[in-house]
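Following: one structure in structure tokens, then a few remarks.
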Amino acid sequence: GYRTDSKAAQLVLACPFYDNLTDHTGITNRTNSAITLTNTNTTNSGGQSRFYGQSAYFNGSSRIQTSLDADVLKGSWTVECWFYWLSANYSSSASQSLIGHWGTGNGTYGWNLTTGGSANKTLVFNFRKNGDAGGTVYTLDGPDIVHDRWYHVAVTGTYDSNNDGFYRLFLDGKLQEQMNFADMVHATAANGIYIGDRGDGNGYWNGYIQDMRVYSNQSDRTGAANKY
């Protein structure tokens, strides 16, 4: 069954991806409503699994759209998951997105956890500041990642009434980069958050994802469940 989570009360999205492709509601102390997931060609698979014997398989043209608004990254928050990147369909000219809402056109840019860098092998968290859909892209850079192994990634953020923001990217429990930033992540409330692509039909993920979680009012990386 699903492992317990001491921070479950702060969960706004919880996708273990072990017996179905739905937001999991049977979590101890879970207080938030279940999120609707709209699946396009993503499947449960036993081909690779970090836990449970199954995970979600994204084939390079599949994705899951959630009803969770992308403006959830306000105040204190954490986004985390396990992922396994396949070499099939890799191209140095194309990024592959784990989660976010990022697109082309006014109002669609928000945030995105994705591969990037000059060869699209670097794990990065891209974001724009609140209210600036077409402005500067800010990036937290991780290391280059390799195919065919499991990683754990977490991104955390805090923002308070004094316009103080602090954002961090972790890979396998190690801090990769942090940034002080005097604003919130840009809010793109329309059309929800996407798992497995950017939200505009580009940046499809090719590989497996396990235990995708988003926490609101929780940015203590050391307290998040299922840490590396």
Side-chain angles (χ1 to χ4, degrees), residues 11-15 17 23 35-40 42 56 58 60-75 77-83 85 94-117 120 122-142 145 151-157 159 165 167-171 176-177 179 181 183-216 219:
L11 277 167
V12 293
L13 181 70
C15 299
F17 293 144
D23 182 44
I35 297 299
T36 300
L37 305 186
T38 302
N39 176 32
T40 304
T42 308
F58 295 80
S61 61
S62 59
R63 70 181 187 183
I64 296 174
Q65 180 181 356
T66 81
S67 62
L68 183 67
D69 286 344
D71 64 356
V72 69
L73 302 195
K74 55 188 178 184
W77 51 266
T78 295
V79 176
E80 68 169 340
C81 72
W82 292 84
F83 68 89
W85 191 28
S95 62
Q96 294 191 26
S97 176
L98 285 165
I99 185 172
H101 190 135
W102 193 266
T104 56
N106 185 40
T108 60
Y109 291 102
W111 57 272
N112 190 27
L113 181 59
T114 181
T115 62
N120 278 301
T122 304
L123 186 68
V124 301
F125 179 72
N126 294 320
F127 66 98
R128 295 180 189 270
K129 71 178 183 178
N130 189 39
D132 190 9
T136 302
V137 177
Y138 300 90
T139 300
L140 294 174
D141 287 312
I145 56 175
Y151 290 95
H152 181 270
V153 60
V155 186
T156 71
Y159 178 77
Y167 304 101
R168 298 180 294 174
L169 173 65
F170 297 84
L171 187 67
Q176 302 298 320
E177 188 173 18
M179 180 187 299
F181 189 74
D183 213 324
M184 290 186 292
V185 173
H186 176 59
T188 55
N191 300 322
I193 290 174
Y194 290 78
I195 302 172
D197 91 327
R198 306 189 325 174
D200 64 348
N202 293 292
Y204 284 106
W205 182 254
N206 192 193
Y208 302 87
I209 296 175
Q210 185 96 74
D211 268 351
M212 177 66 75
R213 302 184 182 203
V214 179
Y215 299 81
S216 181
S219 63

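Numbers for residues simply follow the sequence, beginning at 1.
- Residue Gln96 is tested with Tyr204, Trp85, Phe58 for a side-chain contact (heavy atoms from CB on, under 4.5 Å); the sole match is Trp85.
- Expressed to the nearest 0.5 Å, how far OH of Tyr194 lies from OG1 of Thr38 amounts to 8.5 Å.
- In this structure, His101 NE2 and Leu68 CG are separated by 12.5 Å, a value rounded to the nearest 0.5 Å.
- The aromatic rings of Trp111 and Phe125 sit tilted, their planes meeting at an angle between 30° and 60°.
- Counting only heavy atoms from C-beta outward, the side chains of Phe17 and Ile209 approach each other to under 4.5 Å.
- Between His152 and Phe170 there is no side-chain heavy-atom pair separated by less than 4.5 Å.
- Neither side chain, Asp197 nor Ser97, offers a donor N or O lying under 3.5 Å from an acceptor on the other.
- The shortest side-chain heavy-atom distance between Asn126 and Trp102 falls under the 4.5 Å cut-off.
- Between Ala56 and Thr42 the shortest heavy-atom distance is CB-CG2, 4.2 Å.
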Walk me through it: do Leu169 and Asp141 pass the test side-chain contact (heavy atoms from CB on, under 4.5 Å)? CA-CA 8 Å; Leu169 173 65; Asp141 287 312; 5.9 Å; no
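- In this structure the side chain of Val153 reaches within 4.5 angstrom of the side chain of Leu113, judged on heavy atoms.
- The six-membered or imidazole ring of Trp205 lies near that of Phe83, with a centre-to-centre distance under 6.0 Å.
- A 4.5 Å side-chain heavy-atom check between Val12 and Ser216 finds at least one atom pair inside the cut-off.
- With Ser67 as reference, Ile35 is the one residue of Leu13, Ile193, Leu37, Ile35 to meet the side-chain contact (heavy atoms from CB on, under 4.5 Å) rule.
- Closest non-hydrogen pair, Asn39 versus Ile64, comes out as OD1-CG1, 3.8 Å.
- Between Val79 and Arg213 there is no side-chain heavy-atom pair separated by less than 4.5 Å.
- Here the side chains of Met212 and Ile99 are in contact, with some heavy-atom distance below 4.5 Å.
- Side-chain atoms of Ile145 and Tyr151, non-hydrogen and from C-beta on, do get closer than 4.5 Å to each other.
- Considering CG of Leu140 and CD of Gln176, their distance stands at 10.5 Å, rounded to 0.5 Å.
- The side chain to side chain donor-acceptor pair (under 3.5 Å) test applied to Ser95 returns no partner, not counting sequence neighbours.
- Among Ile195, Leu123, Thr115, the one residue that satisfies the side-chain contact (heavy atoms from CB on, under 4.5 Å) test with Leu98 is Leu123.
- Rounded to the nearest 0.5 angstrom, Asn112 CG and Arg198 CZ are separated by 7.0 Å.
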